[in-house]
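So the structure is just underneath, and the comments pick up after that.
Just so you know, these numbers use all the heavy atoms, side chains as well, and skip hydrogens, waters and symmetry mates. In this chain, residues are counted from 1 in sequence order. From a predicted model like this one, the values you see are computed outputs, not experimental measurements.
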Amino acid sequence: MREVRISRNVKDKITELEFFLIDELGLSEDAALRRSRRMKEYILALSQPTDHPLCRFNRWRKLKYRCAIFERDWVFAYEVFKEGVIIRDMAHVSSLVE
């Protein structure tokens, strides 16, 4: 298994998403936290040696990031190194349409 590191950027975006789900969409705090916990578990599963293809979104493809799709709505961009994986960014699929 590889080590998985999550950038501050991604951690902040997940926290922002929790607040959005609670404040804007009216989800309960428990529901929002369950969603973010599933996202974090998905990220940690990238420790397995299977690699996703390079991102099809130009801004991340230029950086040679790989993309993993979470529940068809969210994309995690990450880099693979000999030591492990660094999750660099995340975005909602609709914001990445080219």
Cluster link Val93 to Tyr65, ILVMFWY, side chain under 4.5 Å:
yes

Output, in order, the C-alpha distance, side-chain angles, deciding distance and verdict of side chain to side chain contact (heavy atoms under 4.5 Å, CB included) for Leu96 and Arg56.
CA-CA 10 Å; Leu96 295 171; Arg56 64 184 174 130; over 6 Å; no

If you look at every heavy atom in Met90 and Trp74, which pair is closest and at what distance?
CE-CE3, 3.5 Å

Ile14 and Ile43, any side-chain heavy atoms less than 4.5 Å apart
yes

Which ILVMFWY residues are connected to Leu33, directly or by a chain of links, through side-chain heavy atoms under 4.5 Å apart?
none

Let me check something: any side-chain donor-acceptor pairs from residues 78-86 under 3.5 Å, sequence neighbours excluded? List them with distances.
| residue | atom | partner | partner atom | Å |
| --- | --- | --- | --- | --- |
| Tyr78 | OH | His52 | N | 2.9 |
| Tyr78 | OH | His52 | ND1 | 2.9 |
| Glu79 | OE1 | Arg88 | NE | 2.6 |
| Glu79 | OE1 | Arg88 | NH2 | 2.9 |

From Phe70 atom CZ to Lys40 atom NZ, the distance as rounded to the nearest 0.5 Å:
11.5 Å

Taking the side chain as every heavy atom from C-beta outward, state whether Asp89 and Lys13 have any pair of such atoms under 4.5 Å apart.
yes

Could you tell me which non-hydrogen atom of Ser95 sits nearest to which non-hydrogen atom of His92, and how far apart they are?
OG-O, 2.7 Å

Could you pull out all donor-acceptor pairs under 3.5 Å where a side-chain atom in residues 15-29 meets a protein atom, sequence neighbours excluded?
| residue | atom | partner | partner atom | Å |
| --- | --- | --- | --- | --- |
| Thr15 | OG1 | Lys11 | O | 3.1 |
| Glu18 | OE2 | Ser36 | OG | 2.6 |
| Ser28 | OG | Ala31 | N | 3.1 |

Verify same cluster id: Met39, Ile6 (apolar side-chain graph, 4.5 Å):
yes

Do side-chain atoms of Arg2 reach the backbone of Gln48 as a donor and acceptor pair under 3.5 angstrom?
yes

Donor-acceptor pair, distance only, cut-off 3.5 Å: does the side chain of Tyr42 make one with the backbone of Ile69?
yes

If every non-hydrogen atom of Phe76 is compared with every non-hydrogen atom of Ile87, which pair is closest and at what distance?
CD2-CG2, 4.0 Å

If I take atom CG from residue Leu54 and atom NZ from residue Lys62, how far apart are they, to the nearest 0.5 angstrom?
14.0 Å

